[in-house]
2 protein chains.
Amino acid sequence: MNDDARPTVQTTQTSIEILDVVRRRDSARLTEIADAVGLAKSTAYKHLVTLEQNGFLRRDGNAYRIGLGLLTYGEHVRHHWPGFEEATEAVTELTERTQEEVDFVVEDGGRVTTLVESYHPWVKYDDSVDTDSAASYRARVGDSYGMHSTAAGLAILAEYSEERVERILDRRGLPRRTEHTITDRSTLFETLERIREDGYAVNDQGYTEGMRSLGKAVCGPDGTVAGALTVAGPTYRIDGAVLEEHLPRALEETARSLEAALAERSCPPR
Amino acid sequence: MNDDARPTVQTTQTSIEILDVVRRRDSARLTEIADAVGLAKSTAYKHLVTLEQNGFLRRDGNAYRIGLGLLTYGEHVRHHWPGFEEATEAVTELTERTQEEVDFVVEDGGRVTTLVESYHPWVKYDDSVDTDSAASYRARVGDSYGMHSTAAGLAILAEYSEERVERILDRRGLPRRTEHTITDRSTLFETLERIREDGYAVNDQGYTEGMRSLGKAVCGPDGTVAGALTVAGPTYRIDGAVLEEHLPRALEETARSLEAALAERSCPPR
DNA sequence: GCTAAAGTTTCGCTAATTCGAACAACATTC
DNA sequence: GAATGTTGTTCGAATTAGCGAAACTTTAGC
């Protein structure tokens, strides 16, 4: 049936789909899972046992959750990602300077994934206004987003060739998140042009209503894009001189020093 | 061949073994992987394609590494773990107070896994002495350890029934890490008795030569063990009054306030 | 430009996954 | 407290789909 070019292993695919169901529901039981992926109970059961034995799932009574084994893999990716240490320092520095939510993201498969986030005790949202929406929409390590709906993603796209951008669009489309999300290609390419002129990207509530963010691509020692730094906050604070001068300058300077750190790491001065 | 009681899915098991190989080698190529798990190249190839398509692996040229998809799962576990927020606060508080490496760990399958670690810029090791060994042996989120070789693990074991401890020992044994590791059962049970008297566990270089740590079990609202807090540092600093008075008191107080926070979370006062 | 090694595809065989049904263990309901 | 429904677990048979060997293509080294 599946005449897709690339050879795959369906059993593994099924196991992965089960993991996906469990993650999305946070907790799921056998019958529920079997229904969701369209498998016989007995088959799903065998998958669950296998995944549990390897620590990919954790069983609590008859409910399955994601297991700690996957934590080991996740942290491995982070700590072995080229430039992780330097990016963490840059995020810390920029967080202290701006007192806003700062993240470092990387592109993967046409989407951006958060690799480093502000250590949260430092970032306090004003309790008086919409704390909930702002706080609950914080980027979390491991979260991934469509590139067109985040400042960081736009900043990265602006560095890519037109055909590379097209390929990503073909694959991922331009799904709408809010009223302000860019949803057609011509607007996107105009925005990218603007970003190249300014040197940084602005995303005005394109992902979350009431949140504005700035992003700037960071190049690695080989000249290719290593990722992007992003600063985000509520619209009432990311405004005026902060939006147009203060944050762009801070972003620019931190990005530059991060690029320097990355270059130094790859060819140490000694 | 496999006459183990529990029904499993071998294909998935194979995929997991491949992931394990890639993680341990940090980066591996097709032939290398096929050899390591004892598969034909063509078979391994299909697994690799499947895992890559799902973001479990990332391909850089012909080298495979762990993919960002697994980061999503890993962070999900952390943030959905009952009491994660409270444990993070406790770790931060205890780190500031002690200025040493602090972790919160949980038991899983007879081993302990680090769920929260000190945010590292705060903890600086004295550059004058063995920085390398101490710094490189920092606990990292997702790392797991034998319970008998860490203070946190011992503290948890001391709360378990004798038969539960026996079951864990049967499964995991008492592998030696250093000259000081507890490797026989009678010594272990004596140590556990001592821990119950003192109210906290001390691990004197049982995991890493030159590192000493203290651990204290933390109970959840239901009375069962939720995890353990641990403070670790080089032997020259974890000594004398610090070892016998200051750290035990800090650990005790933080553990108590964490238990209070966990209780409050499960039955909010409103 | 040749050789060697590595990655990719094809294809038949057989082992292993799959499903359905039967069994056991709980909860729920009357 | 018996009966009924639901959920998890085991078993067996049919067939799918995972596996390995070899052919093919591409890349790397000399």
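These numbers come from the heavy atoms of this one structure, side chains and all, not from hydrogens, waters or symmetry mates. Every chain is numbered from 1, with letters handed out A, B, ... down the list of sequences.
Sorted by residue number, the members of residues 17-34 of chain A with any non-hydrogen atom under 4.0 Å from DNA chain D read Arg29(A), Leu30(A), Thr31(A). The stretch residues 49-59 of chain B has no heavy atom under 4.0 Å from DNA chain D, so no residue of it qualifies as close.
End-to-end axis angle of the helix from dG1(C)-dC30(D) to dC30(C)-dG1(D), from C1' rotation axes over five pairs per end: 50° (rounded to 10 degrees).
Among residues at least two apart or in separate chains, side-chain hydrogen bond (donor to acceptor under 3.5 Å, both in side chains) pairs with a member in residues 42-54 of chain A are Ser15(A)-His47(A).
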Next item on the list: Would you please test Tyr73(A) and Tyr73(B) for ring-ring contact (aromatic ring centres under 6.0 Å, His included) and show each step?
Entry: CA-CA 9 Å; Tyr73(A) 284 94; Tyr73(B) 284 95; over 10 Å; no
Checklist line | Working for side-chain contact (heavy atoms from CB on, under 4.5 Å), residues His80(A) and Ile66(B) | finding: CA-CA 9 Å; His80(A) 288 78; Ile66(B) 301 301; over 6 Å; no
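A donor-acceptor pair under 3.5 Å is absent between the side-chain atoms of Arg65(A) and the main chain of Ser27(A), judged by distance alone. In this structure, Glu117(B) contributes its side chain and Val141(B) its backbone to a donor-acceptor pair below 3.5 Å. Without hydrogens or angle criteria, Arg29(A) side chain to Ala63(A) main chain gives no donor-acceptor distance under 3.5 Å. Looking at Arg59(B), its side chain does come within 3.5 Å of a backbone N or O of Gly61(B) through a donor-acceptor pair.
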Which atom pairs link the protein and nucleotides 14-19 of chain D when you take only N or O atoms and keep those under 3.5 Å?
residue, atom, partner, partner atom, Å
dA17(D), OP1, Gln10(A), OE1, 3.1
dG18(D), OP1, Gln10(A), N, 3.4
dG18(D), OP1, Thr11(A), N, 3.0
dG18(D), OP1, Thr11(A), OG1, 2.9
dG18(D), OP2, Gln10(A), N, 2.8
dC19(D), OP2, His47(B), NE2, 2.9

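Applying the side chain to side chain donor-acceptor pair (under 3.5 Å) rule to Arg58(B) yields no partners; only residues at least two apart in sequence or on another chain are considered. Applying the salt bridge (Lys or Arg N to Asp or Glu O under 4.0 Å) rule to Arg176(B) yields no partners; only residues at least two apart in sequence or on another chain are considered. For Arg256(A), the side chain to side chain donor-acceptor pair (under 3.5 Å) partners are Glu252(A), not counting sequence neighbours. Every residue two or more places apart in sequence or in another chain that forms a salt bridge (Lys or Arg N to Asp or Glu O under 4.0 Å) with Arg185(B) is listed here: Glu166(B), Asp170(B). In this view, Thr31(B) and Asp35(B), Lys41(B) satisfy the side chain to side chain contact (heavy atoms under 4.5 Å, CB included) rule, not counting sequence neighbours. Qualifying ring pair (Phe, Tyr, Trp, His ring centres under 6.0 Å) partners for Tyr64(A), counting only residues two or more places apart in sequence or in other chains: none.
Checking the phosphate oxygens (OP1, OP2) of dT8(C), a side-chain nitrogen or oxygen of Tyr45(B) falls inside 4.0 Å.
When the shell of 6.0 Å around CZ of Arg140(B) is examined, it contains 12 or fewer heavy atoms from other residues, nucleotides or ligands.
If you measure from atom CZ of Arg6(B) to atom P of dT10(D), you get 8 Å, rounded to the nearest angstrom. Computed from coordinates, the Gln13(B) CD to dA15(C) P distance equals 20 Å when rounded to whole Å.
A cation-pi arrangement is found for Arg177(A) relative to Tyr207(A), the charged atom lying closer than 6.0 Å to the ring centre and inside a 45° cone about the ring normal.
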Next item on the list: Determine, for nucleotides 22-30 of chain D in 5'-to-3' order, which nucleotides have protein heavy atoms under 4.0 Å from the base (write B), from only the sugar-phosphate (write S), or from neither (write -).
Entry: ---------
